[in-house]
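Encoded as structure tokens, the structure appears first; notes follow it.
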Amino acid sequence: MKELTIIGFGNQTKAWAQNLTDSGWEITIALRKNSPSALKVKELGLKSVEISSQAFEETQSIAILTPDDGQHLFLEENAQFIKADTKIILAHGYSMVRHDLAQKYPQFQFILFAPKAIGSELRSQFLHKGKLGAIYSLEYITQKNLLEIDQWCLALSYGLGINLGPYKASFKTEMEADLLSEQGVLCSLIPYTAKAMFDLMVKRGIEPELAFFECWFELKLIINAMIQVGPEAFYDLISPNALIGSEIGRERLMTEDFQTRLESLFDDIQSGLFLENAEKTDVPKLRQLIKERWHTSALEITQKKILGRDS
């Protein structure tokens, strides 16, 4: 039977629930008592239950899609209520690596299933039949259940709209790749380099609206082109000036020092230093600090002016 109970109701859960429901799965959202998400779940026509000793009596598969740093706490509080051999799906490798979940809870069948898209994109690409990729791991599945669970994962993949893979990796390598990509390019280099270029353009007399389109708005168009045609063919698409500029920028910005710093990020991840530091970080405080940094930025103000978006 294609059924899944999902813990929490963030953006990733919402996309999983909608995609799988549209694909004929029976989805149940498990929420804490008095959760503010209960109304949102109801508005979407989804079934929900309150997390309790009775919540998991019928399910054979549970996806824990709450923030990575608290997933082990859910199991500490509720493992006694979950049947042995239940499939426990994690969407990232962090919790498994950091908290040795398979060793602590050998009665469960732990599965990594990691769609490589944020929740809104997972839903959008599903609706438009776009490209979606995923990574999965069955390294903690017993041999007697391997074939059955592998087939179940393929059904889950199809239900979510995955059409690139899913490809196999380990919990550890998925975690390492995910953390490095976030630190090295996706959530650091791209937004902050774009901001630095925007600020420089405005400082040197470029109109903010023009700088916005050049440094920020075009990012998705360029990235989409790279994904659609690949890195080699991409350079056949761009103009002669863009081609020349790409080489000048590569030589001046992609220095030996940059490579050394990039490798130091990976060293911290693979040594466990990043994980140790992450657990000491006040995440809500850090999130607020970063939001305030962007809230007052000229780039944010210009985007709101052009696109009419509020915070």
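All residue numbers in this chain count up from 1 along the given sequence. This structure is a prediction, so every number in the text was calculated from the model and none was measured.
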Open item on the list: Using the side chain to side chain contact (heavy atoms under 4.5 Å, CB included) criterion, which residues pair with Leu154? Sequence neighbours excluded.
Closed with: Asp150, Gln151, Pro166
- [ ] Output all residues satisfying side chain to side chain contact (heavy atoms under 4.5 Å, CB included) with Ala177, sequence neighbours left out; order by chain, then residue number.
- [x] none
Open item on the list: Run Glu76 and Lys104 through salt bridge (Lys or Arg N to Asp or Glu O under 4.0 Å) and show every step you take.
Closed with: CA-CA 10 Å; Glu76 286 178 11; Lys104 292 180 180 177; 5.1 Å; no
- [ ] List the steps, then state whether side-chain hydrogen bond (donor to acceptor under 3.5 Å, both in side chains) holds for Ser264 with Asp267.
- [x] CA-CA 5 Å; Ser264 74; Asp267 289 341; over 6 Å; no
Heavy-atom count around [X] [atom1] within 6.0 Å, excluding the residue itself: above 12?
X: Glu218; atom1: CD; result: yes
X: Arg261; atom1: CZ; result: no
X: Arg32; atom1: CZ; result: no
X: Asn11; atom1: CG; result: no
X: Glu256; atom1: CD; result: no
X: Glu247; atom1: CD; result: yes
X: Tyr158; atom1: OH; result: no

- [ ] Show your working on side-chain contact (heavy atoms from CB on, under 4.5 Å) between Gln54 and Phe81 and close with a plain yes or no.
- [x] CA-CA 7 Å; Gln54 294 81 37; Phe81 309 126; over 6 Å; no
TODO: Determine, stepwise, if the pair Lys47 / Thr5 fulfils side-chain contact (heavy atoms from CB on, under 4.5 Å).
DONE: CA-CA 10 Å; Lys47 175 185 174 183; Thr5 295; over 6 Å; no
- [ ] Would you check, one step at a time, whether the test ring-ring contact (aromatic ring centres under 6.0 Å, His included) holds for Phe110 with Phe171?
- [x] CA-CA 10 Å; Phe110 282 98; Phe171 277 84; 7.6 Å; no
Measure the spacing between [atom1] of [X] and [atom2] of [Y] and express it to the nearest 0.5 Å.
X: Phe198; Y: Tyr192; atom1: CZ; atom2: OH; answer: 15.5 Å
X: Ser271; Y: Phe266; atom1: OG; atom2: CZ; answer: 11.0 Å
X: Ile6; Y: Ser48; atom1: CD1; atom2: OG; answer: 12.0 Å
X: Leu289; Y: Lys291; atom1: CG; atom2: NZ; answer: 12.0 Å
X: Asp69; Y: Glu279; atom1: CG; atom2: CD; answer: 8.5 Å
X: Thr28; Y: Leu46; atom1: OG1; atom2: CG; answer: 9.5 Å

State whether the side chain of [X] and the backbone N or O of [Y] hold a donor-acceptor pair below 3.5 Å, judged by distance alone.
X: Gln71; Y: Thr66; answer: yes
X: Asp100; Y: Gln103; answer: no
X: Thr173; Y: Ala169; answer: no
X: Thr255; Y: Glu251; answer: no
X: Asn78; Y: Phe74; answer: yes
X: Ser157; Y: Cys153; answer: no
X: Asn163; Y: Gly130; answer: yes
X: Glu3; Y: Ile27; answer: no
X: Gln125; Y: Lys131; answer: yes
X: Thr86; Y: Lys83; answer: yes

TODO: Decide yes or no on side-chain hydrogen bond (donor to acceptor under 3.5 Å, both in side chains) for His295 and Glu300, but give the supporting numbers first.
DONE: CA-CA 6 Å; His295 182 71; Glu300 175 77 10; 5.4 Å; no
TODO: Go through Leu101 and Leu90 one step at a time and tell me if the side-chain contact (heavy atoms from CB on, under 4.5 Å) criterion holds.
DONE: CA-CA 11 Å; Leu101 298 182; Leu90 303 174; 4.0 Å; yes
Using 30° and 60° as the class limits, which term best fits the ring planes of [X] and [Y]: parallel, tilted or perpendicular?
X: Phe113; Y: Trp16; answer: perpendicular
X: Trp294; Y: Trp216; answer: tilted
X: Phe108; Y: Tyr105; answer: parallel

Open item on the list: Could you check whether Tyr167 and Tyr136 have their ring centres less than 6.0 Å apart?
Closed with: no
Same apolar cluster (I L V M F W Y, side chains within < 4.5 Å links), [X]/[Y]:
X: Ile238; Y: Ile248; result: no
X: Leu180; Y: Leu275; result: yes
X: Leu147; Y: Leu156; result: no
X: Leu243; Y: Leu253; result: no
X: Leu122; Y: Trp25; result: yes

Task: Test log, rule salt bridge (Lys or Arg N to Asp or Glu O under 4.0 Å), inputs Asp199 and Lys203 - done: CA-CA 6 Å; Asp199 291 341; Lys203 179 181 176 182; over 6 Å; no
Open item on the list: Is it true that Glu50 and Ser52 share a donor-acceptor pair across their side chains at a distance under 3.5 Å?
Closed with: no
Open item on the list: Evaluate Leu31 against Ile51 for side-chain contact (heavy atoms from CB on, under 4.5 Å), listing each step before the verdict.
Closed with: CA-CA 6 Å; Leu31 301 171; Ile51 295 176; 5.7 Å; no
